[in-house]
Visitor: 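The structure follows.
Here the structure is a predicted model, which means the values were calculated and not measured.
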Amino acid sequence: MLNAAAQIHSANDARRLAKRRLPWMVFDYIDGAAGAEVGAKRNRAALDSITLEPRILRDVSHRNLGTSIFGKSAQRPFGIAPMGMCNLSGPGADMMLARLAARYQVPHGVSTVASTPLEKIIETADGHAWFQLYFSGDGQDTFKLVERARAAGYETLVLTVDVPEVGRRPRELRHGFKMPFTIGPRQFIDFALHPRWSLSQLAAGKPQMANFEMDGYAFDRTESRAKADWDTLSRLRDMWSGNLVVKGVVNVEDAVALKNAGVDGIQVSSHGSRQLESAPAPIDRLPLIRTAVGNEFPLFYDSSLRSGEDVLKAMNAGADFTFFGRSLQFAIAAAGEAGLNKMWDVLTEELSSAMAQTGVTDLSGKS
């Protein structure tokens with residue numbers, strides 16, 4: 001694993017190594033996007049089209065990568081996006097991410113469908129965790145999770161609103177991917193051909209959607225979440241006194257309406273192009289939303305980030321803070337916790353270098 005970590009010099013390296021080690025079904029679950037994945041290509045092309053202007057003869061010998069988010073210091077301007085069933089990438093992945101969040105004092109987005117109970121993650125993250133919420137069914141069980149998050153000490157709640165129905169992802173459908181896992185002949189062959197992953201998962205126990213085991217109800221990933229509406233948001237705002245972030249926004253009118261509804265922040269995101277293939281690239285909408293909500297309103301960004309340069313691009317476009325997802329899971333799949341730490345160092349070095357090249361010494365003014 002240590003040798004594999006030494007091979008990670010970019011997010012593409014982590015993805016390449018992960019593809020070798022993960023069963024096809026798991027790799028495609030993490031890597032896949034909606035439809036023919038044109039949306040994912042559009043997201044990436046939009047980021048690639050953005051340039052950064054080199055500046056010269058500025059003293060950039062000392063660079064500050066720290067910022068603040070909701071009044072708290074963070075050692076990096078990027079954190080960990082909420083990702084479901086992270087332990088599929090490697091046993092204990094949730095705890096690896098939580099330890100990373102604690103070390104760098106950055107938010108760890110804890111998914112509704114995390115593999116580890118939300119209480120354990122925030123404890124390991126030393127409080128640096130945000131709970132991501134999916135509205136489901138009639139909402140009764142959803143609000144139970146809100147109460148649990150409050151009791152566990154979460155100060156920030158992230159309502160994900162771009163999944164009224166789970167997007168059609170052909171790569172998942174071809175493999176028969178389901179949560180919780182069901183193993184048939186096709187999956188058995190897939191796992192048998194990837195023995196390192198399979199044996200480690202067998203030793204650790206099959207990953208589960210851990211937040212539902214103690215509450216006596218199940219989460220159906222395919223259940224419609226389309227009943228969530230503005231009244232749902234109002235109810236959530238009334239019951240949650242902490243920071244309320246709404247994630248999955250690309251429409252300017254929606255962003256303004258959310259600000260007027262009293263949310264504390266917006267996360268511009270297309271769910272990594274996993275929902276609507278034809279959605280616009282969120283990086284293109286970010287500056288429009290920034291103009292509409294004003295300079296002081298907290299605005300966060302995720303979707304298709306692959307490097308530290310991407311972070312600087314997003315911040316130049318109006319983001320106060322950014323979040324990485326897939327690349328961190330791939331690093332864990334490639335080389336465990338050593339791989340995750342190496343990937344984090346790579347992102348840090350890429351951002352620091354980009355700041356130097358463009359004459360930027362401090363990002364705190366963007367927080």
Side-chain angles (χ1 to χ4, degrees), residues 39 43 67-72 77-79 81-82 107 109-112 129-136 139 142-143 145-146 149-150 154-167 224-276 278-305 314-315 317-323 325 366-367:
N43 281 6
T67 186
S68 65
I69 183 166
F70 290 137
K72 292 187 174 182
F78 50 85
V110 179
S111 173
T112 289
W130 295 2
F131 185 66
Q132 176 269 331
L133 185 71
Y134 281 127
F135 185 87
S136 184
T142 300
F143 290 112
L145 284 174
V146 175
R150 189 203 318 277
Y154 285 84
E155 297 178 358
T156 300
L157 189 69
V158 181
L159 177 65
T160 296
V161 293
D162 58 358
V163 191
E165 304 283 350
V166 175
S224 174
R225 302 169 202 167
K227 290 183 179 179
D229 58 16
W230 290 94
D231 287 337
T232 306
L233 178 66
S234 178
R235 182 180 172 189
L236 192 60
R237 177 71 284 179
D238 288 343
M239 73 179 298
W240 185 261
S241 60
N243 302 313
L244 178 59
V245 176
V246 175
K247 178 181 183 296
V249 181
V250 293
N251 180 273
V252 175
E253 291 182 8
D254 285 346
V256 172
L258 287 167
K259 180 184 177 183
N260 292 337
V263 305
D264 299 295
I266 292 172
Q267 194 153 326
V268 178
S269 169
S270 66
H271 215 100
S273 297
R274 292 165 72 81
Q275 283 303 110
L276 180 66
S278 303
I283 194 68
D284 289 340
R285 294 303 179 93
L286 179 58
L288 303 178
I289 292 175
R290 169 52 75 200
T291 298
V293 299
N295 290 332
E296 302 305 316
F297 187 78
L299 206 56
F300 313 132
Y301 181 85
D302 74 73
S303 287
S304 302
L305 297 178
M315 297 190 79
D320 295 309
F321 199 83
T322 61
F323 291 86
K366 296 178 180 295
S367 61

Visitor: Report yes or no: does Thr160 contribute a side-chain atom to a donor-acceptor pair with the main-chain N or O of Lys247 at less than 3.5 Å?
Guide: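 Flag not set: sc Thr160 to bb Lys247 has no pair under 3.5 Å.
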Visitor: What closest approach, in Å, do Tyr134 and His271 show between heavy atoms, and which atom pair accounts for it?
Guide: OH-CE1, 3.3 Å
Visitor: Can you check whether Ser270 reaches Gln275 side chain to side chain, under 4.5 Å on heavy atoms?
Guide: no
Visitor: Does the pair Asp320 and Arg290 meet the rule for a salt bridge (Lys or Arg N to Asp or Glu O under 4.0 Å), with working shown?
Guide: CA-CA 10 Å; Asp320 295 309; Arg290 169 52 75 200; 2.9 Å; yes
Visitor: Quiz question: by atom type and distance under 3.5 Å, do the side chains of Ser269 and Asp302 form a donor-acceptor pair?
Guide: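 Yes, side-chain donor-acceptor contact under 3.5 Å.
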Visitor: Are the side chain of Ser68 and the backbone of Gly71 linked by a donor-acceptor contact shorter than 3.5 Å?
Guide: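 Between the backbone of Gly71 and the side chain of Ser68 there is no qualifying donor-acceptor contact (under 3.5 Å).
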Visitor: Out of curiosity, Lys259 NZ to Ile289 CD1, how far, rounded to the nearest 0.5 Å?
Guide: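 So the NZ of Lys259 and the CD1 of Ile289 are separated by 12.5 Å.
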Visitor: Provide the closest heavy-atom pair for Ala314 versus Ile283 in the form atom of the first, atom of the second, distance.
Guide: CA-CD1, 3.9 Å
Visitor: For a quick check under 3.5 Å, do Asp231 and Ser234 share a side-chain donor-acceptor pair by atom type?
Guide: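 The criterion, which ignores hydrogens and geometry beyond distance, is not satisfied for Ser234 and Asp231.
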Visitor: Look only at the side chain of Glu155 and the backbone of Gly242, and say whether a donor-acceptor pair between them is shorter than 3.5 Å.
Guide: no
Visitor: Answer whether the closest heavy-atom distance between the side chains of Val263 and Leu159 falls below 4.5 Å.
Guide: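 No, too far: nothing below the 4.5 Å cut-off.
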Visitor: My understanding is that only residues two or more places apart in sequence, or in another chain, count here; which of them pass salt bridge (Lys or Arg N to Asp or Glu O under 4.0 Å) with Asp264?
Guide: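 Only Arg237 meet the salt bridge (Lys or Arg N to Asp or Glu O under 4.0 Å) criterion with Asp264.
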Visitor: Should Phe143 and Leu236 count as side-chain neighbours, where that means a heavy-atom distance under 4.5 Å?
Guide: yes
Visitor: Rounded to the nearest 0.5 Å, what separates atom CG in Asp229 from atom CZ in Arg235?
Guide: 11.0 Å
Visitor: May I ask you to test the Val110-Pro82 pair for a side-chain heavy-atom distance under 4.5 Å?
Guide: no
Visitor: What pair of heavy atoms forms the shortest contact from Ala292 to Val256, and how long is it?
Guide: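 Smallest heavy-atom distance, with atoms named: CB-CG2, 3.7 Å.
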Visitor: Just to verify, what does Phe70 make a ring-ring contact (aromatic ring centres under 6.0 Å, His included) with, not counting sequence neighbours?
Guide: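 Partners of Phe70 by the ring-ring contact (aromatic ring centres under 6.0 Å, His included) criterion, ordered by chain and then number, come out as Trp130, Phe300.
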Visitor: Can you list the residues that meet the ring-ring contact (aromatic ring centres under 6.0 Å, His included) rule with Phe78, with sequence neighbours excluded?
Guide: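 Partners of Phe78 under the ring-ring contact (aromatic ring centres under 6.0 Å, His included) test: Phe324, Trp344.
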Visitor: Hey, mind stepping through Arg150 and Met239 against side-chain contact (heavy atoms from CB on, under 4.5 Å) and telling me if it holds?
Guide: CA-CA 10 Å; Arg150 189 203 318 277; Met239 73 179 298; 4.2 Å; yes
Visitor: Mind checking the CZ-OG1 spacing from Phe135 to Thr232? Nearest 0.5 Å is all I need.
Guide: 4.5 Å
Visitor: Would Val245 and Leu157 count as a side-chain contact (heavy atoms from CB on, under 4.5 Å) if you check the C-alpha gap in whole Å, the side-chain angles of each, and the deciding distance to 0.1 Å?
Guide: CA-CA 6 Å; Val245 176; Leu157 189 69; over 6 Å; no
Visitor: For residues Ser111 and Phe131, report the shortest heavy-atom separation together with the two atoms involved.
Guide: O-CE1, 4.0 Å
Visitor: Looking at Ser303 and Asn43, would you say the former's side chain and the latter's main chain have a donor-acceptor pair under 3.5 Å?
Guide: no
Visitor: Donor-acceptor check, side chain of Trp240 to backbone of Asn243, threshold 3.5 angstrom: yes or no?
Guide: yes
Visitor: Could you state the interatomic distance from CG (Leu233) to CG (Leu258), rounded to the nearest 0.5 Å?
Guide: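 Answer for the CG-CG pair, Leu233 versus Leu258, is 6.5 Å.
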Visitor: Any donor-acceptor pair under 3.5 Å linking the side chain of Thr322 with the backbone of Tyr301?
Guide: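 Checking the backbone N and O of Tyr301 against the side chain of Thr322, no donor-acceptor pair under 3.5 Å is found.
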Visitor: For the residue pair Gly79 and Phe321, what are the closest heavy atoms and their distance?
Guide: N-CE2, 3.3 Å
Visitor: Compare every heavy atom of Thr112 with every heavy atom of Leu133, then report the nearest pair and how far apart it is.
Guide: CA-OG1, 3.3 Å
Visitor: Could you give the distance from CG (Asp162) to CD (Gln267), rounded to the nearest 0.5 Å?
Guide: 10.0 Å
